[in-house]
> 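Please read through the structure below; I'll follow up with questions.
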Amino acid sequence: MRIESTRFGELEVVEEQLFSFPYGIPGFPEEKSFAYILHDEESPFSFLQSTTEANLTFILVDPFAFFKDYEFVLDDEVAQELDMSQENPPQVFLIATVKEKVADMTVNLLAPVVLNRVNRLGRQVILYKTEYSISHKLFPDGLPKEAVKGGK
Amino acid sequence: MLALTRKVGERIVIGDNIVVTVVSIKGDNIRMTIEAPKEIKIYRGEIFDAIAAENRQAAVSKDLTELDILKTLQIKK
C-alpha cells in the first residue's frame, strides 16, 4: 500500500505495518489507521504515520530505553479489546513532542500507545497514575554525547 | 445539551446502565459517584483535554531535519 507523508514523502508500507485505532487518538478522533515506521533497527525511536492524513506523524519512543522502571497495569477491558494475551504481550510506546529543539523533547508518560502486533490493533491508553506527566523531559541533562565517534 | 438541577443524594440515569449520584457539595466542590460498565472509560475532563492538546502539539508535519540527530545518538534499545 502506498501512503503519502509530508515527513517521509511517498511511502510503500506492508500490511504488517498497518495498525487500526478503532477509537482514533485523543485530539484526532477521526484518525483510525496508522502505519508503524521504524527509524532504525537499533533506535528506540519510531513513527506513527496516518494513512489518510499526510501531515499527521507522531514520534514514538520505546519507554524502556529511557525509563527502566516505567510500568502500568493495563485494564482487563482494554487488554480484552486489543486481544492481548500472555503469548501476545502488548508493545508499548510513548508519544514524543518536539517543540523546537530535539534536546527539549518531551514524552507523554500518562498516555502510552499500546499496539498488538498480531491483530494490528492500537490504542492510546490514559492511565490513572497521577505521578506520570504528560510532558516529561526525555533528555533532562541535554542530549547524550555523540558517543564512540572515531572509535574513541 | 441537557442541563439538570440536582440535590445531594439525587441521581441522574444515563442510558440503561450509567448512574451519576451527587454525594456532597462543599463550597465549589461537588463530589459525585458514577456507576458505569467497566468498558466505559471515565476521565476528568481536564486530563483528557490535556492529552488531546499534547497530541496536537506532538503531531509533526513539517520536516524537522533536526530529528536526524536522533539517528546519531548512541541510544540502544
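Computation of the quantities below employed the complete heavy-atom set of this structure, encompassing side-chain atoms and omitting hydrogens, waters and symmetry-equivalent molecules. In what follows, chains carry the letters A, B, and so on, assigned in the order in which the sequence lines appear, proteins first and then strands, with residues in each chain numbered from 1.
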> Go through the atoms of A:I134 and report whether side chain, backbone, both or neither lie under 4.5 Å from a heavy atom of chain B.
both

> Can you pull out the residues in residues 11-26 of chain A with any heavy atom less than 4.5 Å from chain B?
A:I25, A:P26

> With a 4.5 angstrom heavy-atom cut-off, is it the side chain or the backbone of A:T106 that approaches chain B, or both, or neither?
side chain

> Take atom CZ of B:R6 as the centre, draw a 6.0 Å sphere, and report whether it contains more than 12 heavy atoms from other residues, nucleotides or ligands.
yes

> With a 4.5 angstrom heavy-atom cut-off, is it the side chain or the backbone of A:F8 that approaches chain B, or both, or neither?
neither

> Counting only heavy atoms from other residues, nucleotides and ligands, does the tally under 6.0 Å from CE of B:M32 exceed 12?
no

> Report, as yes or no, whether the 6.0 Å neighbourhood of atom CD on A:E71 holds more than 12 heavy atoms from other residues, nucleotides or ligands.
no

> With chain A as the partner chain, list the residues of residues 49-57 of chain B whose heavy atoms fall under 4.5 Å from it, by residue number, and write 'none' if nothing qualifies.
B:A50, B:I51, B:A52, B:E54, B:N55, B:R56, B:Q57

> Which heavy atom in B:A59 sits nearest to a heavy atom in A:F28, and how many Å separate them?
CB-CZ, 3.9 Å

> Mind listing the closest non-hydrogen atom pair of A:A96 and B:A58 along with its distance?
O-CB, 3.4 Å

> So if I take each residue of residues 75-94 of chain A and look for any heavy atom under 4.5 Å from a heavy atom in chain B, which residues do I end up with?
A:D75, A:E77, A:V78

> First locate atom NZ of B:K41, then atom OH of A:Y128, and finally report the distance between them rounded to the nearest 0.5 Å.
5.5 Å

> Please list all pairs passing the ring pair (Phe, Tyr, Trp, His ring centres under 6.0 Å) test where one or both residues lie in residues 94-119 of chain A, with sequence neighbours left out.
none

